[in-house]
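So the structure is just underneath, and the comments pick up after that.
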Amino acid sequence: KEKQHALALQEADRRKDDFLATLAHELRNPLTPVVTSIELLNRRDCPLDVAERAKQTIARQVAHLGRLVDDLLDLSRIKQNNIQLRRQRID
């Protein structure tokens, strides 16, 4: 029984590590276009149309990051029983 408990703990630890690696990847992905857009905006010769697209890219990626962080906060609230889930069918 003790060996089973140790194996279960190892598996939980491995799953946590997998989750954190996936999370880091998902958080890093939106940062690349943000950094690139900021570099474009910092150029003196940045055309207005390029600057506008860069601003839109930043806004879109920051919104994506915000949704990811909100999802993480929701997971934390669920784990701590600070949120109640209501299950219902939707179209």
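If you read the sequence from its start, that first residue is 1, and numbering goes on from there. Excluded from the calculations below are hydrogen atoms, water molecules and symmetry mates; all remaining heavy atoms, backbone and side chain alike, are included. As the structure is a prediction and not an experimental result, all values here were calculated from the model.
Considering every non-hydrogen atom in both Leu27 and Leu65, the closest pair reads O-CD2, 3.5 Å.
Applying the side-chain hydrogen bond (donor to acceptor under 3.5 Å, both in side chains) test to every pair with at least one member in residues 58-69, sequence neighbours left out, gives these pairs: Thr57-Arg60. Applying the salt bridge (charged side-chain N to carboxylate O under 4.0 Å, His left out) rule to pairs touching residues 77-91 yields Asp74-Arg77, sequence neighbours excluded.
Cluster partners of Leu73 are Val69, counting Ile, Leu, Val, Met, Phe, Trp and Tyr whose side-chain heavy atoms approach within less than 4.5 Å, directly or via other members.
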Can you give each donor-acceptor pair under 3.5 Å made by side-chain atoms of residues 16-25, sequence neighbours left out, with the distance rounded to 0.1 Å?
from  : atom 1 : to    : atom 2 : distance (Å)
Lys16 : NZ     : Asp13 : OD1    : 3.3
Asp18 : OD2    : Arg14 : NH1    : 2.6
Thr22 : OG1    : Asp18 : O      : 3.0
His25 : NE2    : Asn29 : ND2    : 3.3

Table please: side-chain donor-acceptor pairs of residues 35-43 below 3.5 Å, with sequence neighbours left out.
from  : atom 1 : to    : atom 2 : distance (Å)
Thr36 : OG1    : Thr32 : O      : 3.1
Ser37 : OG     : Pro33 : O      : 2.8
Asn42 : ND2    : Ile38 : O      : 3.3
Arg43 : NE     : Asp45 : OD1    : 3.1
Arg43 : NH2    : Asp45 : OD1    : 3.3
Arg43 : NH2    : Asp45 : OD2    : 3.0

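Contact annotation: the side chain of Leu75 never approaches that of Asp71 to less than 4.5 Å [non-hydrogen atoms, C-beta and beyond]. Two residues are said to be in side-chain contact when any heavy atoms from C-beta on lie closer than 4.5 Å; Lys1 and His5 fail this criterion.
Contacts of Gln80 classified as side-chain contact (heavy atoms from CB on, under 4.5 Å), with partners at least two apart in sequence or in another chain: Ser76, Asn82. Listed by chain and residue number, Lys55, Gln56 satisfy the side-chain contact (heavy atoms from CB on, under 4.5 Å) test with Glu52 (two or more places apart in sequence, or in another chain).
Counting non-hydrogen atoms of other residues, nucleotides and ligands closer than 6.0 Å to CG of Leu9 gives a total above 12. Other residues, nucleotides and ligands place no more than 12 heavy atoms under 6.0 Å from the CD atom of Gln4.
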